[in-house]
Amino acid sequence: LMYLDDEVVPRDPVKSAALLARAARAGNVEAQYGYGILLKSGEGVPPDAFEAARWIGDAARAGMTDAELEYGILLANGRGVAKDLPGAAQYFRRAAWKGNPIAQNRLARLYAVGIGVKLDLIEAAKWHLLARAKGVPDFWMDQAMSGLSDGEMKLAERLAARFPDTPDDPEPVALGRPTDDDAWPADAATADNKPVTILPMWSPAPIPFSVAGPERRDPADGAAAGLP
């Protein structure tokens, strides 16, 4: 990595790629992620989307947070790997529960339109609030949340305030939602007292997985970029 930052030694992406490849093959998780990013961008090595996905995927499966986010993006876009939106949601969720704000934003977007996960605007609002609090604003999500009632928004705020006071990497059904009818706001219940999410009065555009999200970060700084 020193050969990429041009601070300690002269910048040499080719040498950096060679050293990262050697360490990646030896099982170093950070090297697997770094080498995958270089393969994805074509810096210091010929670009190879399939090999990039392979190495980033290995690092993601080993539990590296930045890799989980990046691999989720690759799965969502079908770049170098078969498109798998439910799989993308799982990797976004893993990184989101570790506090990664970009993953929290991407997960919020999936919940907002029901792509890869069951549509859930309260869950979407929770993750959006968490991401926004860490400096990742999203006007698109602000619009999506405008259809929530005051009671639903307050519930989302309570869930966000409790984060991460729940089990690691939970399934959607175990995300700390109230289960008793009286724990839900009155305006979020149907006539038979079952919880329901009220849809916003607007037509959401497709999630822009092909363009940058609300924030783009250089992969070299240790954080995956926005949706490329």
Side-chain angles (χ1 to χ4, degrees), residues 1 4 16-17 20-117 123-124 127 130-131 134 136 138 164 168-172 175 206-228:
L1 294 177
L4 289 177
S16 176
L20 283 172
R22 185 186 306 172
R25 294 188 184 101
N28 183 285
V29 175
E30 292 187 359
Q32 290 171 347
Y33 173 65
Y35 185 49
I37 291 296
L38 292 184
L39 285 164
K40 180 173 175 281
S41 65
E43 185 176 12
V45 66
D48 189 326
F50 297 100
E51 280 295 292
R54 170 198 165 193
W55 288 112
I56 293 171
D58 283 349
R61 285 184 285 273
M64 184 181 182
T65 305
D66 288 340
E68 289 170 339
L69 169 60
E70 193 71 46
Y71 193 56
I73 292 171
L74 294 178
L75 287 170
N77 288 314
R79 292 182 180 173
V81 65
K83 190 169 185 176
D84 181 359
L85 289 168
Q90 285 193 7
Y91 280 99
F92 287 154
R93 186 181 295 114
R94 291 180 185 179
W97 275 92
K98 295 176 186 176
N100 185 293
I102 299 180
Q104 290 171 345
N105 170 262
R106 301 308 187 266
L107 186 59
R109 284 177 167 232
L110 293 181
Y111 274 117
V113 291
I115 293 179
V117 293
E123 197 64 29
W127 289 112
L130 289 166
K134 289 190 174 182
V136 181
D138 188 343
D168 291 336
D169 193 22
E171 292 301 317
L175 288 171
I207 287 185
F209 280 119
S210 60
V211 298
E215 177 180 281
R216 176 172 286 279
R217 297 187 180 181
D218 185 348
D221 71 2
L227 299 178

How about [X] and [Y]: do any of their side-chain heavy atoms sit closer than 4.5 Å?
X	Y	answer
Gln104	Leu107	no
Val45	Glu51	no
Ile37	Trp55	no
Met64	Gln32	no

At what distance, to the nearest 0.5 angstrom, does [atom1] of [X] lie from [atom2] of [Y]?
X	Y	atom1	atom2	value
Glu123	Tyr111	CD	OH	5.0 Å
Leu74	Phe50	CG	CZ	11.5 Å
Thr65	Arg94	OG1	CZ	11.0 Å
Leu38	Glu43	CG	CD	6.0 Å
Leu75	Lys83	CG	NZ	11.0 Å
Lys98	Glu68	NZ	CD	3.5 Å

Might you point out which heavy atoms bring [X] and [Y] nearest each other, and give the distance in Å?
X	Y	answer
Val136	Asn105	CG1-CB, 4.1 Å
Asn100	Leu69	OD1-CD2, 3.7 Å
Ala88	Gly72	CB-O, 3.3 Å
Pro101	Ala131	O-CB, 3.3 Å
Lys134	Gly99	NZ-O, 2.8 Å
Ala53	Val81	CB-CB, 4.2 Å

* Please say whether more than 12 non-hydrogen atoms of neighbouring residues, nucleotides or ligands are located less than 6.0 Å from CZ in Arg61. =>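 Counting neighbours around CZ of Arg61, more than 12 heavy atoms of other residues, nucleotides or ligands fall under 6.0 Å, so yes.
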
* Between Arg106 and Tyr91, is any side-chain donor less than 3.5 angstrom from a side-chain acceptor? ->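 Side chains of Arg106 and Tyr91: no pair found under 3.5 Å.
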
* To do: Take Arg54 and Leu39 through the side-chain contact (heavy atoms from CB on, under 4.5 Å) test and state the conclusion after the steps.
  => CA-CA 10 Å; Arg54 170 198 165 193; Leu39 285 164; over 6 Å; no

